[in-house]
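A short worksheet on the structure shown next.
Chain A is the first sequence line, chain B the second, and so forth, proteins listed ahead of strands; every chain is numbered from 1. All heavy atoms count here, side chains included; hydrogens, waters and symmetry mates do not. Fair warning: this is a prediction, and the values are worked out from it, not measured in the lab.
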Protein chains: 2
Amino acid sequence: MTTETSHPSVAAVRSTEEQYVEVIGLLEEQNSPVGTAPIAENMQLAMPSVSEMLKRLADKGLVTHAPYEGASLSEKGRMLFANVIRRHRLWEVFLTQHLGMSWHNVYEHACRLEHGTLEPVTARLGSFLGNPEYCPHGSPIPGADGTWPPSQGQPLLEMPIGSEYQIVRILQENDADCLTFLFERDVMIGTVVRLMDIASYDGTVSLDVSGKPVAMGTRVASRLRVTPIVEMRGNASGEST
Amino acid sequence: MTTETSHPSVAAVRSTEEQYVEVIGLLEEQNSPVGTAPIAENMQLAMPSVSEMLKRLADKGLVTHAPYEGASLSEKGRMLFANVIRRHRLWEVFLTQHLGMSWHNVYEHACRLEHGTLEPVTARLGSFLGNPEYCPHGSPIPGADGTWPPSQGQPLLEMPIGSEYQIVRILQENDADCLTFLFERDVMIGTVVRLMDIASYDGTVSLDVSGKPVAMGTRVASRLRVTPIVEMRGNASGEST
DNA sequence: TCAAGAAATTAGGCATTCCTAAATCTCATG
DNA sequence: CATGAGATTTAGGAATGCCTAATTTCTTGA
Ligand SMILES: [Mn+2]
Ligand SMILES: [Mn+2]
Ligand SMILES: [Mn+2]
Ligand SMILES: [Mn+2]
């Protein structure tokens, strides 16, 4: 079905297209359709390069794209997107859980490995890892059939002040600087934080991380997804009823 | 040091060059220097493509290449070769030992993964696997410092007829058809075979594989490397003085 | 309403990597 | 030593994917 060009070199063409589809899909989770500018910024490319590629991707039926109106993944594009993200996040799980790498810098490595990973390897890697449903950043990993596990957590910034929450997901996992910022402050998946304050002036967020005060701007804080911690009253164990 | 072009796409340029260096290095193990034709055949490319690339690789100092005289890896090229092969064979070990893939078809998958594997992942993958010295085909895996473990085995065809030998290495691991041929006849690393006959007419080789007769041509048989099995006389265990 | 200013596209190029067809070189052999 | 077969390179092109500069389109606030 796929028009196999006579390129025997390791999937050179396809990995570029895959990368565009991956970036477009991720950006579309924030707002759709995606403009040329965010894609260019994300991939560190000049805008005309993106503009041109969007045309080509549209020709191939991977995206919908009317000039000046941004791009959206087509059905076919969303299929490819799920598959790429699946490979990507499975590698992230492998790199962190088995190779002992830190969650804040696995994105780049997974992003390279994913493009050289064919279906037989993906399938077996999934089994090897126990078919995990979430990556080290708490994002869902599509199954082999392309279905997505439910998204975890609610925006921290929409939660009542004063309570405790557990971090279950950190968005924009490809922003290594941001992840490092959080990593250095012990804010990671599983961390329990108390939301102390959201400054009315500029929205600066103050957290309490196991006794230590941590402050961050709105841009970073808005990427945190949390689950409320049920406050226990005199009942130490997690028993209910 | 490396002239980083502004290509952010996943190491597109480098992986092509890497692939050439890998192929040239492997072919050089058979006879050096390597002609344009074998490279073209191995990579399924037209000869002018190879001829042109050899010129470019020579410019970059990765190969030595005088027109009409074939190519050899330079010191720099041999360094890169060892590194690529290290990544390649570590992935082969991972794919077979941990993902349960067959040794006769891991070459292609490893060949794709290797180009997207940066040093931090290589190092940790090595540790994870216990820093193996040989791949599933019995070929040596260079260490992180570029040194090669000793080559295993002697050519089966140079061994006396009538004795038993253990297969310890199968050369030309990238020839999937050949490996499948052997796989289907239970000739693999660790297999013990008895060399029954080498026909004087056309060199056809007859083996006994645990009671089953197996015949193969010279081209295939010449790729087998073996270790003599010490014939035990009444002493079942492997004790020595 | 209309003139920045921002966003996007078009124009024109360049590097890489591949191809087919046409020389050219090498080497063994008559 | 001539010559043909085979190996190799040159010539000439094409596709991909990226860039800068210029132009066009959209948005928005005076
Ligand atoms: Mn990627
Ligand atoms: Mn992730
Ligand atoms: Mn390879
Ligand atoms: Mn191998």
Side-chain angles (χ1 to χ4, degrees), chain A residues 2-24 27-28 30-72 112 115, chain B residues 2-24 27-28 30-72 112 115:
Chain A
T2 304
T3 304
E4 272 294 331
T5 63
S6 57
H7 289 224
S9 70
V10 181
V13 172
R14 189 143 139 264
S15 72
T16 300
E17 288 174 4
E18 264 188 14
Q19 193 56 45
Y20 271 95
V21 167
E22 183 181 10
V23 167
I24 292 168
L27 289 172
E28 236 182 323
Q30 296 182 244
N31 58 356
S32 176
V34 193
T36 306
I39 300 171
E41 208 239 303
N42 195 292
M43 297 183 73
Q44 311 242 71
L45 293 176
M47 286 183 56
S49 309
V50 175
S51 202
E52 187 186 35
M53 182 60 86
L54 288 182
K55 224 177 298 170
R56 207 171 311 151
L57 293 176
D59 286 348
K60 296 208 180 184
L62 289 166
V63 307
T64 298
H65 172 244
Y68 296 102
E69 288 179 18
S72 312
R112 288 166 181 267
H115 306 293
Chain B
T2 305
T3 303
E4 272 295 330
T5 63
S6 56
H7 288 224
S9 70
V10 182
V13 172
R14 189 141 137 265
S15 72
T16 300
E17 287 173 6
E18 264 187 15
Q19 192 57 42
Y20 272 94
V21 167
E22 183 181 11
V23 167
I24 292 168
L27 289 172
E28 235 183 325
Q30 297 181 242
N31 58 355
S32 176
V34 193
T36 306
I39 300 171
E41 208 238 304
N42 195 290
M43 298 183 73
Q44 311 242 73
L45 293 176
M47 285 182 58
S49 309
V50 175
S51 201
E52 187 187 32
M53 182 60 88
L54 288 181
K55 222 175 300 166
R56 207 172 312 152
L57 293 176
D59 287 346
K60 296 207 180 184
L62 289 166
V63 308
T64 298
H65 172 244
Y68 296 101
E69 288 179 18
S72 312
R112 290 166 180 266
H115 306 293

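- Counting to the nearest Å, the P atom of dA7(C) and the NE2 atom of His65(A) are 15 Å from each other.
- For Asp59(A) and dG17(D), the CG to P distance is 13 Å, given to the nearest whole Å.
- Sequence order on DNA chain D of the closest nucleotides to Glu69(B) and Tyr20(A) puts Glu69(B) first from the 5' end.
- Between the P atom of dA7(D) and the CG atom of Leu45(B) lies a distance of 17 Å, rounded to the nearest Å.
- Of the side-chain N and O atoms in Tyr68(B), none sit less than 4.0 angstrom from OP1 or OP2 of dA23(C).
- Residues of residues 49-57 of chain B having a heavy atom closer than 4.0 Å to DNA chain D, listed by number: Ser51(B), Lys55(B).
- As rounded to whole Å, 11 Å separates atom C1' of dG17(D) from atom CD of Glu17(A).
- For Gln44(B) and dC19(C), the CD to P distance is 10 Å, given to the nearest whole Å.
- Rounded to an integer number of Å, the gap from Gln19(A) CD to dT16(D) P is 19 Å.
- For Glu52(B), the salt bridge (charged side-chain N to carboxylate O under 4.0 Å, His left out) criterion is met by Arg56(B), not counting sequence neighbours.
- Sorted by first and then second residue, the salt bridge (Lys or Arg N to Asp or Glu O under 4.0 Å) pairs with a member in residues 61-71 of chain B form an empty list; sequence neighbours excluded.
- An OP1 or OP2 oxygen of dT9(D) is reached within less than 4.0 angstrom by a side-chain nitrogen or oxygen of Thr36(B).
- Taking OG1 of Thr16(A) as the start and CE of Met43(A) as the end, the distance is 7.5 Å to the nearest 0.5 Å.
- Nucleic acid contact class of Pro48(B) (heavy atoms, under 4.0 Å, all strands): base.
- Within 4.0 Å (heavy atoms only), Ala37(A) reaches sugar-phosphate atoms of the nucleic acid but no base atom.
- Met43(A) places its CE atom 15 Å from the C1' atom of dC19(D), with the value rounded to the nearest Å.
- The OG atom of Ser49(B) sits 9.0 Å away from atom CE of Met53(B), with the distance rounded to the nearest 0.5 Å.
- For the atom pair His115(A) NE2 and Glu22(A) CD, the distance stands at 5.5 Å (nearest 0.5 Å).
- We find that CD of Glu41(B) is positioned 14 Å from C1' of dA7(D), with the value rounded to whole Å.
- A side-chain contact (heavy atoms from CB on, under 4.5 Å) with Val50(A) is found for exactly one of Val23(A), Ile39(A), Val34(A), namely Ile39(A).
- Between the OG1 atom of Thr64(A) and the CG atom of Leu57(A) there is a distance of 11.0 Å, given to the nearest 0.5 Å.
- Here the side chain of Met47(B) is nearest to one of dA7(D), dC19(D), dC18(D), namely dA7(D).
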